[in-house]
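Report on the following structure.
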Amino acid sequence: REGVLPSAQIAIARNGKTAAMRSFGRVLHQGVEAPATDETLYCVFSSTKAITSAAAWLLIQDGVLDVGARVADLIPEFGENGKHEVTIEQLFTHTAGFPQAPFVPSQFLDRGKRLERFASWRLNWKPGERFEYHPSSSMYVIAELIERLSGASFGDFVRKQISEPLGLADLWLGLPRELHGRLADAQEGIDHAFQADARGQRRLVTLAQFGDLCRVVRRSCVGRIHRQRESQVRGRVLVRAVQQGLRRQQQFVEAHRGGQ
């Protein structure tokens, strides 16, 4: 009603089952306007980081991936331009030191270009020196690690190890062409985390950077993933670091709420 989002989906789950779901607004499907329905799929952009991390946690759990190892020991191309000291843990915790490194998402499909991009990145500060969100860099490196250690493509690994075992039929990393008709077009939307309303007050806008309230899947996977015991993930320092990062994000929200 306020015009902030063209569409949204809300789902309520209990005991691992969806109890209620409702979709609101209208979307564009390949440029054609249509009502948003419970069958509409959305690109979730940076929410994919949670899925990428969960996929890597499976390798940590199995003892295949060591968070204390240096990235360059597994991906030699990555070590160029002083990045040889970056650890795998620092990729997860956004302390790797290259938050401003650019990446074109389509280049991930070309391994040669992907590795060239990794090699070209330069550090903004010494790895581990501080925390700063890496919006478009570190998770692509984790995806490359998953491919090298599992022998499967990143999308196939997520599909076989997360989507299918958890019954998440609509969770895709790389949507099949035959499902494109269900996908909502990304629409030009809010460019910043805050937007001024009619009274000049600033208010926080969440999950709306690209104009859509993005959902990961039709059925909630977040609760299922969180129910995994911490003891199932080797390297509890990673869990603590993630918790610290979440606390810092909450402090940011509280500090800026209401335009303060």
Side-chain angles (χ1 to χ4, degrees), residues 29-31 41-60 64-65 67 69-92 94 96-124 127 132-164 168 170-188 209-210 212 214 216-217:
H29 289 300
Q30 299 176 347
L41 299 177
Y42 292 89
C43 177
V44 299
F45 296 95
S46 282
S47 296
T48 309
K49 289 181 173 65
I51 305 304
T52 304
S53 297
W57 293 342
L58 295 176
L59 298 179
I60 296 170
V64 177
L65 181 61
V67 297
R70 288 190 245 186
V71 178
D73 290 341
L74 294 172
I75 309 176
E77 299 88 345
F78 174 84
E80 297 293 326
N81 293 316
K83 302 191 301 297
H84 55 282
E85 294 293 334
V86 175
T87 67
I88 292 169
E89 178 185 1
Q90 290 166 345
L91 296 177
F92 282 102
H94 298 270
F98 50 94
Q100 299 174 25
F103 194 90
V104 179
S106 61
Q107 290 184 344
F108 187 82
L109 301 177
D110 185 320
R111 194 169 214 180
K113 291 182 179 179
R114 181 196 318 178
L115 296 177
E116 286 178 8
R117 180 69 73 168
F118 292 170
S120 71
W121 288 342
R122 298 180 182 276
L123 294 173
N124 299 113
E132 185 175 340
Y133 181 54
H134 290 46
S136 60
S137 54
S138 62
M139 287 294 157
Y140 286 108
V141 182
I142 292 175
E144 170 70 18
L145 288 169
I146 292 170
E147 291 199 346
R148 294 200 179 203
L149 295 175
S150 70
S153 72
F154 177 47
D156 285 346
F157 184 87
V158 169
R159 192 70 187 165
K160 297 295 183 183
Q161 301 298 324
I162 297 178
S163 304
E164 292 179 357
L168 304 175
D170 286 339
L171 172 58
W172 297 91
L173 269 71
L175 188 66
R177 187 167 296 277
E178 61 268 23
L179 297 180
H180 282 197
R182 294 174 55 192
L183 179 65
D185 297 350
Q187 300 179 45
E188 183 178 355
Q209 185 175 359
F210 295 92
D212 290 308
C214 299
V216 175
V217 284

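In what follows, every heavy atom counts, from backbone to side chain, and hydrogens, waters and symmetry copies are set aside.
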Which residues pass the side chain to side chain donor-acceptor pair (under 3.5 Å) test with Asp156, not counting sequence neighbours? Ser153
Any donor-acceptor pair under 3.5 Å linking the side-chain atoms of Ser46 with those of Tyr133? yes
Rounded to the nearest 0.5 Å, how far apart are CD1 of Ile51 and CZ of Phe154? 9.0 Å
Between Glu144 and Arg117 (salt bridge meaning N to carboxylate O under 4.0 Å), is one present in this structure? no
Minimal heavy-atom distance between Leu59 and Leu149, with the atoms involved, is CD1-CB, 4.2 Å
State, to 0.1 Å, how close Thr87 and Val67 come at their nearest heavy-atom pair, and which atoms those are. CB-O, 4.0 Å
Checking the side chain of His29 only, and the main-chain atoms of Asp185 only, is there a donor and an acceptor separated by less than 3.5 Å? no
Nearest non-hydrogen partners of Ser136 and Ala101, listed with the distance: OG-O, 3.3 Å
Assign the ring pair Phe103 / Tyr140 to parallel, tilted or perpendicular, where the plane angle (0 to 90°) is split at 30° and 60°. parallel
Roughly how far apart are His84 NE2 and Asp73 CG, rounded to 0.5 Å? 10.5 Å
Between Glu77 and the options Lys83, Arg114, Arg111, Arg148, the salt bridge (charged side-chain N to carboxylate O under 4.0 Å, His left out) test singles out Arg148
Got a second to check how far Leu58's CG is from Leu65's CG, nearest 0.5 Å? 11.0 Å
Hey, does the side chain of Ser163 reach the backbone of Leu171 with a donor-acceptor pair shorter than 3.5 angstrom? yes
Can you see which heavy atom on Leu183 is nearest to which on Cys43, and at what distance? CD1-N, 3.9 Å
Distance check, rounded to the nearest 0.5 Å: Asn124 atom CG versus Glu132 atom CD? 7.0 Å
Ignoring hydrogens and geometry, is there a side-chain-to-backbone donor-acceptor pair from His134 to Phe98 under 3.5 Å? yes
Taking every heavy atom of Pro135 against every heavy atom of Lys49, the minimum-distance pair comes out as O-NZ, 2.8 Å
Over 60° means perpendicular and under 30° means parallel, so classify the ring planes of Phe92 and Trp57, tilted if in between. parallel
Might you point out which heavy atoms bring Phe157 and Ala55 nearest each other, and give the distance in Å? CE2-O, 3.5 Å
In Å, rounded to the nearest 0.5 Å, how long is the span from CD1 of Ile75 to CD1 of Ile142? 9.5 Å
Could you measure the distance from the CG atom of Asp170 to the CG atom of Leu41? Nearest 0.5 Å is fine. 5.0 Å
Side-chain (Asn81) to main-chain (Leu123) donor-acceptor, under 3.5 angstrom: no
